[in-house]
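Excluded from the calculations below are hydrogen atoms, water molecules and symmetry mates; all remaining heavy atoms, backbone and side chain alike, are included. This one's a predicted model, so the numbers in the text were calculated from it and none came from an experiment. All chains are named by letter (A, B, ...) in the order of the sequence lines, taking the proteins before the strands, and each is independently numbered beginning at 1.
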Amino acid sequence: DAKTTQPPSMDCAEGRAANLPCNHSTISGNEYVYWYRQIHSQGPQYIIHGLKNNETNEMASLIITEDRKSSTLILPHATLRDTAVYYCIVRVRGAQKLVFGQGTRLTINP
Amino acid sequence: EAGVVQSPRYKIIEKKQPVAFWCNPISGHNTLYWYRQNLGQGPELLIRYENEEAVDDSQLPKDRFSAERLKGVDSTLKIQPAELGDSAVYLCASSLVWGSSYEQYFGPGTRLTVT
């Protein structure tokens with residue numbers, strides 16, 4: 001599985017959009033980009049995933065660059081409850097193993 | 001729908017003692033995972049079950065760790081004897097594998113402290 005690089009921490013004001021970057025320059029054509037988050041004292045929670053097209057669901061949007069070497073998770077209107085560690089994971093199509101890095105600790109400030 | 005259930009939530013034991021963790025996956029999920037999460041790190045897979053079969057246990061320290069998933073539903077992870085370095089959060093997850101777009105649903109974890 002390709003390795004990902006994320007900033008260790010970020011801050012965002014409540015109500016603003018939180019943009020979390022992820023670099024995955026060695027991603028291959030059959031690898032998906034997944035995002036999970038982990039709120040304190042809870043297990044990780046699936047957010048969204050994509051292959052090459054931008055994706056949106058009720059939680060977030062995922063923007064993947066055309067060369068697929070990086071992506072951005074967007075929380076459009078961050079709330080205090082979005083404070084968590086966010087993990088960007090690259091996974092081969094059909095593989096069931098998730099390899100977590102250290103993620104980005106996002107703090108939403110009031 | 002109930003999520004992944006784990007018990008206990010917290011456990012404190014002395015080194016060299018045994019300990020066991022229990023997991024009840026989401027109903028109908030055929031795949032079950034045990035992860036270990038050290039402080040400040042992301043979760044690391046210990047073992048993965050498909051139904052009753054352990055299909056990936058390459059990261060499970062087999063000298064002291066064991067796991068079972070009887071009847072392809074609940075699972076138990078055991079450590080015997082525990083060492084100080086085993087202090088971590090043990091997470092259970094489950095998924096219903098279909099196609100290439102599946103999600104893993106995690107339980108709240110068991111925080112183990114070995115003294």
Side-chain angles (χ1 to χ4, degrees), chain A residues 1-9 20 22 24 27-53 55-60 62 64 84-106, chain B residues 2-10 21 23-26 29-51 53-60 88-112:
Chain A
D1 291 337
K3 183 177 179 179
T4 62
T5 303
Q6 299 178 253
S9 63
L20 293 93
C22 179
H24 31 79
I27 192 170
S28 60
N30 63 345
E31 291 181 312
Y32 286 74
V33 180
Y34 276 74
W35 284 84
Y36 279 74
R37 75 177 182 184
Q38 188 172 22
I39 296 171
H40 183 62
S41 295
Q42 296 183 23
Q45 175 191 23
Y46 165 82
I47 300 173
I48 198 168
H49 76 278
L51 182 62
K52 56 182 178 180
N53 297 320
E55 302 287 345
T56 295
N57 63 19
E58 65 278 4
M59 291 182 67
L62 174 61
I64 303 175
V85 177
Y86 287 76
Y87 297 99
C88 171
I89 299 167
V90 174
R91 183 180 69 88
V92 174
R93 179 188 178 103
Q96 297 178 40
K97 185 176 182 177
L98 291 176
V99 180
F100 290 84
Q102 294 190 310
T104 295
R105 182 172 298 278
L106 175 67
Chain B
V4 176
V5 179
Q6 291 188 248
S7 69
R9 289 296 312 276
Y10 305 91
F21 315 122
C23 173
N24 178 242
I26 292 173
H29 281 193
N30 58 339
T31 304
L32 184 145
Y33 314 76
W34 283 103
Y35 288 83
R36 176 170 60 187
Q37 186 171 24
N38 294 315
L39 187 64
Q41 304 294 316
E44 296 177 302
L45 180 69
L46 291 174
I47 188 169
R48 173 170 65 92
Y49 282 92
E50 287 185 9
N51 300 305
E53 183 181 1
V55 295
D56 183 357
D57 63 355
S58 57
Q59 300 303 311
L60 188 73
V89 175
Y90 291 83
L91 293 159
C92 180
S94 69
S95 66
L96 178 62
V97 178
W98 63 276
S100 62
S101 301
Y102 71 96
E103 303 166 17
Q104 291 188 23
Y105 295 86
F106 285 79
T110 296
R111 181 176 296 278
L112 174 67

Judged by atom type as modelled, is there a donor-acceptor pair below 3.5 Å linking the side chain of A:Tyr36 to the main-chain atoms of B:Gln104? yes
For A:Phe100 and B:Tyr35: C-alpha separation, side-chain torsions, deciding distance, then whether side chain to side chain contact (heavy atoms under 4.5 Å, CB included) applies. CA-CA 10 Å; A:Phe100 290 84; B:Tyr35 288 83; 4.0 Å; yes
Should the heavy atoms of other residues, nucleotides or ligands under 6.0 Å from CD of B:Glu50 be counted, would the total exceed 12? yes
Which heavy-atom pair separates B:Leu91 from A:Pro44 by the least distance, and what is that distance? CD1-CD, 4.0 Å
Interface residue of largest heavy-atom contact number with chain A, from B:Arg111, B:Glu44, B:Gln41, under 4.5 Å: B:Gln41
Nearest heavy-atom approach of B:Gly42 to A:Tyr87 is CA-OH, 3.6 Å
Looking at side-chain heavy atoms only, is the closest gap between B:Gln37 and A:Gln38 below 4.5 Å? yes
